[in-house]
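Working notes, structure below.
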Amino acid sequence: MIELEGLTKTYAGKDVVQDVSLRVESGEFGVLIGPSGCGKSTTLRMINRLIPLTRGRIILGDEDVTQLPPEQLRRRIGYAIQSIGLFPHWTVAENIAVVPGLLKWAKSRSDARVDELLNLFHLDAGEFRDKYPHQLSGGQAQRVGVARALAADPEVLLMDEPFGAVDPITREVLQNEMLRVHAQTRKTIVFVTHDMDEALKLASRIAILNAGRLVQYDRPIELLTQPADDFVNDFIGKADLGLKLLSRRWVHQYQRQAPLFDDTTAQSTGNQHAWEVDAQRHPIRLHGGRLDGDGTRQRTEVNAEWVATAEMPMKEALSRMVWFRVMALPVIDAEGRLIGEVTMHGVMGRQP
Ligand SMILES: Nc1ncnc2c1ncn2[C@@H]1O[C@H](COP(=O)(O)OP(=O)(O)OP(=O)(O)O)[C@@H](O)[C@H]1O
């Protein structure tokens with residue numbers, strides 16, 4: 001757990017961070033977001049005292065660390081940044097082992113930790129351990145940067161726009177990886193970004209800053225449904241609020257029983273569509289239910305893309321329905337068997 005109490009930074013008489021108080025619980029993924037210059041990076045850097053605080057307190061676990069010497073504090077707090085900051089003449093292994101080195105870990109322990117972290121990020125230890133930073137892609141270097149920040153198993157991980165410099169596709173891969181690593185390690189994370197979609201995807205709680213002040217600190221769904229003021233509302237972006245909500249919801253939350261084609265009960269209860277399945281219950285085709293239908297029972301063949309799984313974001317499922325112009329999407333299990341369906345009506349009818 002990390003708690004900021006009345007954190008303030010004043011430059012030349014002006015508060016660039018003003019009285020910010022918030023608490024990121026153990027294992028939570030906290031995100032700081034706001035327009036350029038609102039004080040995100042300054043807040044983050046005050047936490048590990050790369051920037052001295054003007055006023056306020058920082059509590060780590062149940063200890064007030066405001067007066068702790070910065071070098072000691074930084075051994076307990078991992079820090080990953082956009083420009084990565086890997087030492088160019090050090091190998092990947094040497095870069096990852098910086099803090100274990102400062103802590104005087106035995107070489108065998110440090111080597112084992114490097115391999116463990118490379119594996120955590122799906123980088124083959126044998127292949128990557130002895131490479132130099134210039135031999136890595138941007139995404140690989142970024143992974144090594146995060147691995148380094150995690151090396152000594154810090155109590156908190158600070159990340160300042162860590163994926164800001166990579167292309168959108170790599171960025172999405174790294175975000176997914178970060179979600180997986182967070183789920184595996186249950187680290188307490190404070191993450192800075194200016195990208196709302198990134199925040200909604202990663203955060204368990206989002207802190208919105210404006211002109212140095214904390215405007216709202218809430219779970220994503222509460223920010224979206226109960227914005228504290230017009231600034232938050234505008235910042236979140238009213239236009240695609242519905243879609244953003246759906247990116248935070250999963251197919252299993254909307255899933256219902258799929259009406260089967262040979263199921264006379266389903267037919268007689270007025271379903272406008274029904275699924276035909278084979279002997280193993282794999283969905284083969286949908287009867288009816290087309291968006292561009294004229295009321296007659298057209299048939300649509302199920303294909304590998306036009307399906308959903310229970311863990312898929314509802315936004316993606318909706319996108320597939322729109323793309324294939326159908327009112328419903330089959331939900332399948334790992335063996336491809338039909339376990340339910342999601343429908344356009346289900347999405348529209350459900351309250352956020
Ligand atoms: N050393 C400094 N001296 C004076 N003003 C500073 C200093 N460092 C930052 N500032 C000011 O403090 C404010 C907050 O800066 P900060 O870098 O924290 O913003 P940010 O929200 O991280 O912005 P961005 O998204 O653009 O990185 C800005 O107005 C900036 O100009």
Once you round to the nearest 0.5 Å, how far does [atom1] of [X] lie from [atom2] of [Y]?
X: D333; Y: T309; atom1: CG; atom2: OG1; answer: 10.5 Å
X: I332; Y: I339; atom1: CD1; atom2: CD1; answer: 8.5 Å
X: I96; Y: L117; atom1: CD1; atom2: CG; answer: 6.0 Å
X: I2; Y: I59; atom1: CD1; atom2: CD1; answer: 9.5 Å
X: D19; Y: E5; atom1: CG; atom2: CD; answer: 10.5 Å

Closest heavy-atom contact between [X] and [Y]?
X: S21; Y: L214; answer: O-CD2, 3.3 Å
X: V251; Y: P313; answer: CG2-O, 4.4 Å
X: P88; Y: Y132; answer: O-CD2, 3.8 Å
X: Q140; Y: L123; answer: CG-CD2, 4.0 Å
X: F121; Y: R143; answer: O-CD, 3.7 Å
X: P283; Y: V302; answer: O-CB, 3.8 Å

Output yes when [X] and [Y] qualify as a salt bridge under the 4.0 Å nitrogen-oxygen rule, no when they do not.
X: R256; Y: E341; result: yes
X: K107; Y: D111; result: yes
X: E71; Y: R49; result: no

Under the side chain to side chain contact (heavy atoms under 4.5 Å, CB included) rule, what do M196 and I236 come out as? Steps first, then yes or no, please. CA-CA 7 Å; M196 196 59 190; I236 285 168; 3.8 Å; yes
[X] side chain vs [Y] backbone, donor-acceptor pair below 3.5 Å:
X: Q216; Y: Q226; result: yes
X: R75; Y: P100; result: no
X: S110; Y: A106; result: no
X: N119; Y: D115; result: yes
X: E172; Y: I169; result: no
X: S319; Y: K315; result: no
X: T170; Y: G139; result: no
X: R45; Y: P52; result: no
X: R299; Y: R285; result: no
X: T91; Y: E94; result: yes

Does the salt bridge (Lys or Arg N to Asp or Glu O under 4.0 Å) test come out yes or no for R205 and E28, once each step is laid out? CA-CA 8 Å; R205 265 174 207 277; E28 260 196 340; 3.0 Å; yes
Check whether any side-chain heavy atom of [X] sits under 4.5 Å from a side-chain heavy atom of [Y], and report yes or no.
X: R171; Y: D195; value: yes
X: P70; Y: N48; value: no
X: L157; Y: V190; value: no
X: C38; Y: F235; value: no
X: L329; Y: V307; value: no
X: F163; Y: Q175; value: yes
X: L120; Y: Q184; value: yes
X: Y79; Y: L50; value: yes

Applying side chain to side chain contact (heavy atoms under 4.5 Å, CB included) to E177 and R180, what does each step give before you reach the verdict? CA-CA 5 Å; E177 206 149 274; R180 178 179 58 76; 3.4 Å; yes
For R219, is the CZ atom crowded, meaning more than 12 foreign heavy atoms sit under 6.0 Å from it?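 Atom CZ in R219 is not packed in, count stays at 12 or less.
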Got a sec: does the CG of N303 have more than 12 other heavy atoms crowding it under 6.0 Å?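 Above 12, so yes.
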Let me check something: do L260 and I284 share a hydrophobic cluster, defined by ILVMFWY side-chain heavy atoms less than 4.5 Å apart, either directly or through other members?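 Shared cluster, no.
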Consider only side-chain heavy atoms of I, L, V, M, F, W and Y, link residues closer than 4.5 Å, and tell whether V331 and L338 are in one cluster.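 V331 and L338: one cluster.
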Salt bridge (Lys or Arg N to Asp or Glu O under 4.0 Å) between E116 and R113: does it pass, once the steps are laid out? CA-CA 5 Å; E116 185 188 358; R113 181 64 177 153; 3.2 Å; yes
Assess the residue pair E276 and H287 against the criterion (side chain to side chain contact (heavy atoms under 4.5 Å, CB included)); give the C-alpha distance rounded to whole Å, side-chain angles, the decisive distance to 0.1 Å, and a yes or no. CA-CA 7 Å; E276 189 177 337; H287 295 253; 2.6 Å; yes
Distance alone, cut at 3.5 Å: any donor-acceptor contact between the side chains of E311 and H252?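 No, no side-chain donor-acceptor pair sits under 3.5 Å.
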What I want to check is whether the side chains of T8 and Q18 have a donor and an acceptor closer together than 3.5 Å.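 No, because no side-chain N or O of T8 sits under 3.5 Å from a partner of the opposite role on Q18.
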Would you call the rings of W275 and W306 parallel, tilted or perpendicular, taking 30° and 60° as the class edges?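 Ring orientation of W275 relative to W306: tilted.
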Is there a salt bridge (Lys or Arg N to Asp or Glu O under 4.0 Å) between R23 and E25 once you walk through the steps? CA-CA 6 Å; R23 181 184 163 109; E25 298 293 347; 2.6 Å; yes
For a salt bridge (Lys or Arg N to Asp or Glu O under 4.0 Å) check, start with the C-alpha distance between D160 and K40, then their side-chain angles and the critical distance, and finish with the verdict. CA-CA 9 Å; D160 195 349; K40 307 180 288 289; over 6 Å; no
